[in-house]
There are 2 protein chains.
Amino acid sequence: MVQAKRKAKSEPLVRGEAVVRGVLAATLREVARAGYHGLRIEDVAALAGVNKTTVYRRWPTKQELVRDALLSIASDTFAVADSGSLREDLLAIARRIAARGAQAEYQGLFRLFVVEGDDPELAAIVRSLRANFEAVPRAVLEAAERRGEIAPGVDANLLFDVLGAALNRRLFFDRAPVDDAWLQRLVDLLLHGALARGPARAAG
Amino acid sequence: MVQAKRKAKSEPLVRGEAVVRGVLAATLREVARAGYHGLRIEDVAALAGVNKTTVYRRWPTKQELVRDALLSIASDTFAVADSGSLREDLLAIARRIAARGAQAEYQGLFRLFVVEGDDPELAAIVRSLRANFEAVPRAVLEAAERRGEIAPGVDANLLFDVLGAALNRRLFFDRAPVDDAWLQRLVDLLLHGALARGPARAAG
């Protein structure tokens, strides 16, 4: 599915698709371990079992390599669930983020952005990926809007940002377990809010 | 107010209160800069302008010193607002967190927990402070419950954790501005939820 998406985005990967995937996976692992400044193309090539020139031919700069590596996560983690219910869609995405977050590599990536996020090159990568990362949340929210599930004026990006932030805090800051009961409490808080409904409810 | 609270907690600080405050402020600044492992009592003493033995006399271990320094934030940042409205209380606390987060020192503390949070000594400090950090959120939520504002079954700690997580993400990960309009959108999402009310609303 990731492959099909990339092709559709006018990046022809007919040959060498396995090599590309291998290099991007090695890049994620290395950048999570060594940081953006510490990342060396030689180490990525060695880990992927390819020649250094193979990496440089496709990604002339470290910036382009890291950008493509981060992009490969986005399409995968945020693949549209489209279950017909916003609650189920959010739960499916939250479960995928939680499964990813259990891997040491993703803790390394989180650390990368906290520690090196001020770096101008890394910040430029994140800015350039913002549209990619927001496409799926937007699709999920638009489908929910068409079904009449969403309250008017709700900020779709904020909803997904808060969901991701709560998961990151639980995983990488509190280092507490993410079980399905917790995920459901989180999603239900975001869907229903904390306020009582009915006459006692304070006006927003 | 902090002073009054500490006294009430049977920590007599009649003399040397200014010294204690100075040492704790220096500890926060140094631990944010150098990390937990990199923290040196000599540097704290020098920054606070006191003798090393003055620090050791009150805090025999680094662990006790850092614990007291972190505790000094908790009572201050999470001081009860008690405005009579949950929305106003949450906004007051969120504004205080946002103001703190604008200081480089707090970015350093966030980084400390992301990078060194697995350290057993630091983890033990956090566990021992959990009750202190949860006291005020609980008081705010209990007051809202008494006013009938809160929906039954809402997890008070989760609500505050999500609020803090969203602020931390915005401040230290996205490095995006926190203005009052954004704070209000965040608080209103947590209070009202994303779902439309009325017949079109999907059952939770």
Side-chain angles (χ1 to χ4, degrees), chain A residues 84-88 90 107 110-115 117-118 123 126 130 141 144-145 147-156 158-159 161-170 172-176 182 184-204, chain B residues 84-88 90 107 110-115 117-118 123 126 130 141 144-145 147-156 158-159 161-170 172-176 182 184-204:
Chain A
S85 138
L86 178 59
R87 184 174 191 272
E88 288 310 315
L90 289 180
Q107 182 168 358
F110 183 74
R111 198 162 45 214
L112 170 77
F113 287 109
V114 170
V115 173
D118 275 334
V126 172
R130 189 121 192 117
L141 271 283
E145 264 167 35
R147 291 190 300 264
E149 282 191 88
I150 299 270
V154 165
D155 181 335
L158 182 66
L159 178 63
D161 280 354
V162 172
L163 181 70
L167 274 159
N168 282 346
R169 181 198 171 106
R170 182 93 176 170
F172 305 129
F173 197 88
D174 296 339
R175 291 164 167 80
W182 185 84
Q184 295 196 35
R185 283 209 307 280
L186 172 63
V187 166
D188 286 335
L189 175 64
L190 295 178
L191 290 177
H192 300 292
L195 287 188
R197 286 149 196 266
R201 205 189 117 213
Chain B
S85 137
L86 178 58
R87 184 175 192 272
E88 288 311 314
L90 289 180
Q107 182 168 357
F110 183 74
R111 199 163 43 217
L112 169 77
F113 287 110
V114 169
V115 174
D118 275 335
V126 172
R130 191 122 191 116
L141 271 283
E145 263 167 36
R147 291 189 300 262
E149 281 192 88
I150 298 271
V154 164
D155 181 335
L158 182 67
L159 178 65
D161 279 354
V162 173
L163 181 70
L167 274 158
N168 282 347
R169 179 196 172 107
R170 182 95 177 167
F172 304 128
F173 198 87
D174 297 339
R175 291 164 166 82
W182 185 84
Q184 295 196 34
R185 283 209 308 281
L186 172 63
V187 166
D188 285 335
L189 175 65
L190 294 178
L191 291 178
H192 300 293
L195 288 187
R197 286 148 195 266
R201 205 189 117 213

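Lettering follows sequence order; numbering is per chain, from 1.
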When you look at B:Val115 and A:Val114, which way does the side chain to side chain contact (heavy atoms under 4.5 Å, CB included) test go after all the steps? CA-CA 9 Å; B:Val115 174; A:Val114 170; 5.8 Å; no
Using non-hydrogen atoms only, which part of B:Leu86 is less than 4.5 Å away from chain A: side chain, backbone, both, or neither? side chain
Which portion of A:Arg185 sits near chain B, non-hydrogen atoms under 4.5 angstrom: both
For A:Gln184, the side-chain hydrogen bond (donor to acceptor under 3.5 Å, both in side chains) test, sequence neighbours excluded, returns A:Arg87, A:Asp180
Examine whether an atom of B:Arg175 lies under 4.5 Å from a heavy atom of chain A, and if so say whether it belongs to the side chain, the backbone or both; otherwise answer neither. side chain
Qualifying residues under ring pair (Phe, Tyr, Trp, His ring centres under 6.0 Å), relative to B:Phe173, sequence neighbours excluded: A:Phe110, A:Phe113
Flag, side chain of B:Arg169 to backbone of A:Asn168, donor-acceptor distance under 3.5 Å: no
Is there a side-chain contact between B:Leu190 and A:Leu190 in this structure, where contact means two heavy atoms from C-beta onward sitting under 4.5 Å apart? yes
Looking only at heavy atoms, what is the nearest atom pair of B:Ala196 and A:Gly148, with distance? CB-O, 3.7 Å
Do B:Leu159 and A:Leu189 have side-chain heavy atoms sitting under 4.5 Å apart? yes
Does any backbone or side-chain atom of A:Leu186 lie under 4.5 Å from a heavy atom of chain B? Answer side chain, backbone, both or neither. both
With rounding to the nearest 0.5 Å, note down the distance linking CG in B:Leu158 to CZ in A:Arg170. 8.0 Å
Answer key: most heavy-atom pairs under 4.5 Å with chain A among B:Asp161, B:Val154, B:Asp155 is B:Asp161
